[in-house]
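Here is the structure we will look at.
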Protein chains: 2
Amino acid sequence: MPPTGPPAEPPATDRPAARPTSKDVAKLAGVSQSTVSLVHAGKWHGRVSERTVQAVHEASATLGYRPNQAARHLRLGTTRTVLLVVPALTNPFFGAVHTGASEAAARRDFSVVVYPSPIRAGTELAPFASPFAAAHTALDGVLASSMALESLSELLGGTGPGPGLPLVMLDSAPEAGPPTVNVEVAAGMHALVTHLLALGHRRFARLVPDIDGWTFTARENAYRAALRDSGAVHVAHARTEFSVHEAAEAALTLLDTPEPPTALVCDDDVLAAGAYKAARRQGLRIPEDISITGFDDLIIATVLEPELTTVRLPAHQLGETGMTALLDLLDGRRPESTSLAAELTVRGSTAPPARR
Amino acid sequence: MPPTGPPAEPPATDRPAARPTSKDVAKLAGVSQSTVSLVHAGKWHGRVSERTVQAVHEASATLGYRPNQAARHLRLGTTRTVLLVVPALTNPFFGAVHTGASEAAARRDFSVVVYPSPIRAGTELAPFASPFAAAHTALDGVLASSMALESLSELLGGTGPGPGLPLVMLDSAPEAGPPTVNVEVAAGMHALVTHLLALGHRRFARLVPDIDGWTFTARENAYRAALRDSGAVHVAHARTEFSVHEAAEAALTLLDTPEPPTALVCDDDVLAAGAYKAARRQGLRIPEDISITGFDDLIIATVLEPELTTVRLPAHQLGETGMTALLDLLDGRRPESTSLAAELTVRGSTAPPARR
DNA sequence: CTGAAAGCGCTTACAG
DNA sequence: CTGAAAGCGCTTACAG
């Protein structure tokens with residue numbers, strides 16, 4: 001049986017089963033509270049005798065002592081907790097970002113709290129009820145995806161005086177101010193378009209998400225740049241919500257034309273999955289009649305048949321590197337903005353265009 | 001420019017830009033600290049005059065006051081933080097569970113910390129460095145998936161004396177002790193097999209993950225039960241790692257036989273994706289030559305072509321309901337174990353078997 | 001209706 | 001090498 005939450009009634013036994021404190025440990029070990037603290041903090045060398053250290057460890061083990069975090073936080077003025085702000089954890093890409101970030105945080109004894117960013121802005125909450133409102137004092141720093149930037153202004157010292165929180169941005173314009181950890185999406189897109197050009201494609205189209213964000217602008221710019229002076233043309237463009245079925249509808253508008261493109265460059269694997277559906281509805285074979293590409297290299301990329309040519313984004317590493325940068329920032333170091341490689345991954349969805 | 005972590009040097013200005021405390025608010029409003037606290041806690045009715053309340057609110061706003069959480073936690077003995085333990089957030093199912101749980105928590109002003117459960121058991125950490133070690137004092141409760149049960153023993157009062165943490169289990173044997181919130185996977189499986197039987201299938205096979213867990217046992221038992229006395233036979237069974245390509249290999253062993261099954265029941269959409277690949281490698285058409293089913297109804301289910309007949313598991317609702325139960329438990333109420341419906345979702349991957 | 005005081009459990013100068 | 005004391009910022013009896 002698990003305990004039933006808050007103590008309903010202090011048990012009448014002589015031992016109230018209260019969590020042992022450092023005072024209890026001190027008493028049992030026959031030393032002072034200071035010594036217990038020193039020993040647990042590993043700051044005892046040259047200050048506490050070996051014997052005493054032993055005694056403290058034994059007493060701690062006997063009582064099952066765990067330091068009270070709230071007390072440490074209050075005393076130290078730090079919470080060893082950081083906030084990760086991402087658009088949605090249901091997107092496996094950000095799940096991987098979270099995992100990488102959590103691992104890096106755990107290695108340095110930090111916890112990660114996540115808020116999927118579409119915090120309903122309209123919801124009026126009690127003065128300090130909003131998760132973000134508490135943030136100022138419950139968090140040491142913030143690691144945020146640019147796709148959630150608006151939700152952040154409040155966090156970062158928006159209201160009233162007082163300093164904002166230390167911040168590292170993921171995937172955002174490097175010149176924006178805070179340190180950034182980016183993925184080289186431009187290079188990835190360049191490699192992708194170059195691959196399609198080398199296959200002989202000359203008629204390109206784009207399927208992009210209905211989301212603003214540095215990363216999508218960067219992809220678009222790199223796509224345009226790669227096509228420039230290539231002899232190939234960009235014939236059309238469609239925006240879509242981030243779902244397979246919506247993407248299929250949007251892709252249909254691109255394909256259902258007198259002179260359809262031979263290469264369809266999608267900004268995400270999920271959108272590419274929609275493009276597959278549209279192509280098939282049009283009776284087009286992939287890759288013989290139309291080459292389709294994605295971005296991310298999620299599990300979906302290998303579920304699709306033929307498997308998807310895409311640009312692999314190192315999600316896990318992005319979270320890990322971003323968290324490391326944030327922790328460095330908290331240590332008073334000034335992390336450099338970095339950029340992680342994005343790798344073109346060629347699979348079965350791209351081929352030379354059919355002769356027409 | 002964001003602040004650079006810990007104060008390097010207290011700025012020489014007269015206003016050290018320190019975070020304002022309730023004392024500062026009290027001074028500015030010309031009242032006592034107690035009054036400030038009462039006002040912010042909303043416990044002032046009948047105890048503080050309207051005018052004073054106004055003054056406190058104004059002073060708070062002027063200073064940009066936010067209560068220090070660490071101090072509240074220390075004083076109150078509660079952290080308003082709960083731990084969510086799941087196998088992997090990269091699995092979109094658990095991403096959705098997290099989202100649901102976070103929303104329910106935020107509504108009651110709780111935060112959620114997540115640890116993907118495969119905590120490397122071998123890694124020796126400093127005495128209190130492990131995220132779990134701190135848990136005893138930094139958390140109020142735990143919401144855990146059964147697929148991560150081993151990692152939990154330590155959390156729940158394993159080492160030493162002292163009470164464990166209040167716990168609600170997701171997807172685990174209801175009789176196990178702690179309150180549980182389950183999905184009716186058995187009913188879902190029953191509906192699925194009944195659907196296949198009604199289509200005329202008589203030769204079944206199973207593709208299951210190489211993972212232990214109540215939910216998979218429940219699925220297996222329900223599958224067996226549904227087949228019993230149906231006139232149909234279970235012809236084979238394969239276990240596989242949780243990946244598309246591994247699942248494809250395993251499925252191949254089921255299909256590459258003299259008398260292959262006509263219906264392949266997979267315990268997850270990802271495994272079903274592997275089965276599609278195996279079927280195609282064998283030259284089998286879906287659903288004409290083989291019906292394939294999944295479980296979960298992830299995005300993959302609609303990416304596959306034909307789209308996958310599967311059992312929809314309400315991941316978001318599971319997280320939401322589970323969190324609500326945990327918060328009720330923390331409030332001293334005794335939540336009832338509940339079970340959420342799992343809905344059979346028929347799509348294009350199932351059809352009557354070919355005459356042979 | 002309002003304020004002074006105690007205390008949550010820790011860490012860190014400081015004194016010995 | 002070790003201990004007594006102060007104080008982080010809050011909330012809550014308690015006294016007026």
Side-chain angles (χ1 to χ4, degrees), chain A residues 6-7 10 16 18-27 29-56 59-60 63-80 127-128 134 136-138 140 162, chain B residues 6-7 10 16 18-27 29-56 59-60 63-80 127-128 134 136-138 140 162:
Chain A
R19 190 183 306 297
T21 70
S22 64
K23 233 175 200 162
D24 299 324
V25 175
K27 201 183 299 173
V31 301
S32 77
Q33 205 187 6
S34 335
T35 304
V36 172
S37 180
L38 253 16
V39 170
H40 284 146
K43 297 182 180 171
W44 57 271
H45 292 275
R47 301 211 257 169
V48 178
S49 70
E50 294 272 1
R51 279 200 57 222
T52 307
V53 170
Q54 267 311 316
V56 169
S60 301
L63 296 176
Y65 170 70
R66 313 277 181 152
N68 179 308
Q69 297 301 315
R72 299 194 70 219
H73 296 163
L74 176 56
R75 176 64 228 236
L76 265 14
T78 188
T79 60
R80 302 198 83 77
F128 308 116
H136 273 274
T137 64
D140 287 344
Chain B
R19 189 184 305 295
T21 70
S22 64
K23 232 176 201 159
D24 298 325
V25 175
K27 204 183 299 173
V31 301
S32 76
Q33 204 187 6
S34 332
T35 304
V36 173
S37 180
L38 252 17
V39 170
H40 283 147
K43 298 184 179 171
W44 57 271
H45 292 274
R47 301 211 256 169
V48 179
S49 70
E50 295 270 1
R51 280 199 58 222
T52 307
V53 170
Q54 266 312 314
V56 169
S60 299
L63 297 176
Y65 171 69
R66 313 278 181 148
N68 180 307
Q69 297 302 316
R72 299 194 72 219
H73 296 163
L74 176 57
R75 176 63 228 235
L76 265 14
T78 185
T79 60
R80 301 197 84 77
F128 307 117
H136 273 272
T137 64
D140 287 345

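Here is how names work: the chains are called A, B, and so on, in the same order as the sequence lines, proteins then strands, and each is numbered from 1.
Between B/S49 and C/dT2 there is a side-chain polar atom (N or O) within less than 4.0 angstrom of OP1 or OP2. An OP1 or OP2 oxygen of C/dC10 is reached within less than 4.0 angstrom by a side-chain nitrogen or oxygen of A/S22. The shortest distance between the side-chain N/O atoms of A/S34 and the OP1/OP2 oxygens of C/dT12 is not below 4.0 Å. For C/dG3, the OP1/OP2 oxygens have a side-chain nitrogen or oxygen of B/S32 closer than 4.0 Å. For A/R72 and C/dT11, the shortest distance from a side-chain N or O to OP1 or OP2 is below 4.0 Å. Look at B/T52 and you'll find a side-chain N or O under 4.0 angstrom from OP1 or OP2 of C/dT2. Under 4.0 angstrom from either OP1 or OP2 of C/dC1 there lies no side-chain N or O belonging to B/T35. Taking only side-chain nitrogens and oxygens, B/S37 comes nearer than 4.0 Å to OP1 or OP2 of D/dT11.
One distance of note links NZ of B/K27 with CG of B/L63; it measures 10.5 Å at 0.5 Å rounding. Rounding to the nearest 0.5 Å gives a distance of 9.0 Å between CG of A/N68 and NE2 of A/H73. Note: B/R80 CZ to B/Q69 CD = 9.5 Å, rounded to the nearest 0.5 Å.
For the pair A/H73 NE2 and D/dG9 C1', the interatomic distance rounds to 15 Å; values are reported in whole Å. Distance A/R66 CZ to C/dC10 P: 13 Å, rounded to the nearest Å. As rounded to whole Å, 20 Å separates atom P of C/dG9 from atom CG of A/L38. In this structure, the CG atom of B/N68 is 13 Å from the C1' atom of C/dC8, given to the nearest Å. Following rounding to the nearest Å, A/R75 (CZ) and D/dG7 (C1') show an atom-to-atom distance of 7 Å. As rounded to whole Å, 14 Å separates atom C1' of D/dG9 from atom NE2 of B/H40. Separating the NZ atom of B/K23 from the P atom of D/dT11 is a distance of 14 Å, rounded to the nearest angstrom. In this structure, CG of A/L63 is placed 14 Å from P of C/dG9, rounded to the nearest angstrom.
Toward the 5' end of DNA chain C, the nearer of the two residues B/V31 and B/L76, judged by each one's closest nucleotide, is B/V31. Residue whose closest nucleotide on DNA chain C sits further toward the 5' end, between B/A71 and B/E50: B/E50.
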inquiry  = As a quick check of understanding, evaluate side chain to side chain donor-acceptor pair (under 3.5 Å) for A/T35 and A/S32, giving each step before the final call.
reply    = CA-CA 5 Å; A/T35 304; A/S32 77; 3.2 Å; yes

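Side-chain contact between A/T21 and A/D24: present, with at least one pair of heavy atoms (C-beta onward) separated by less than 4.5 Å. Contact annotation: the side chain of B/H40 approaches that of B/S60 to within less than 4.5 Å [non-hydrogen atoms, C-beta and beyond].
Nearest to the side chain of A/L74, among C/dG3, C/dC8, D/dC8, sits D/dC8. Ranking D/dT11, C/dC10, D/dT12 by closeness to the B/Q33 side chain, first place goes to D/dT11.
When both distances must be under 3.5 Å, the Watson-Crick or G-U wobble mate of D/dC1 is C/dG16.
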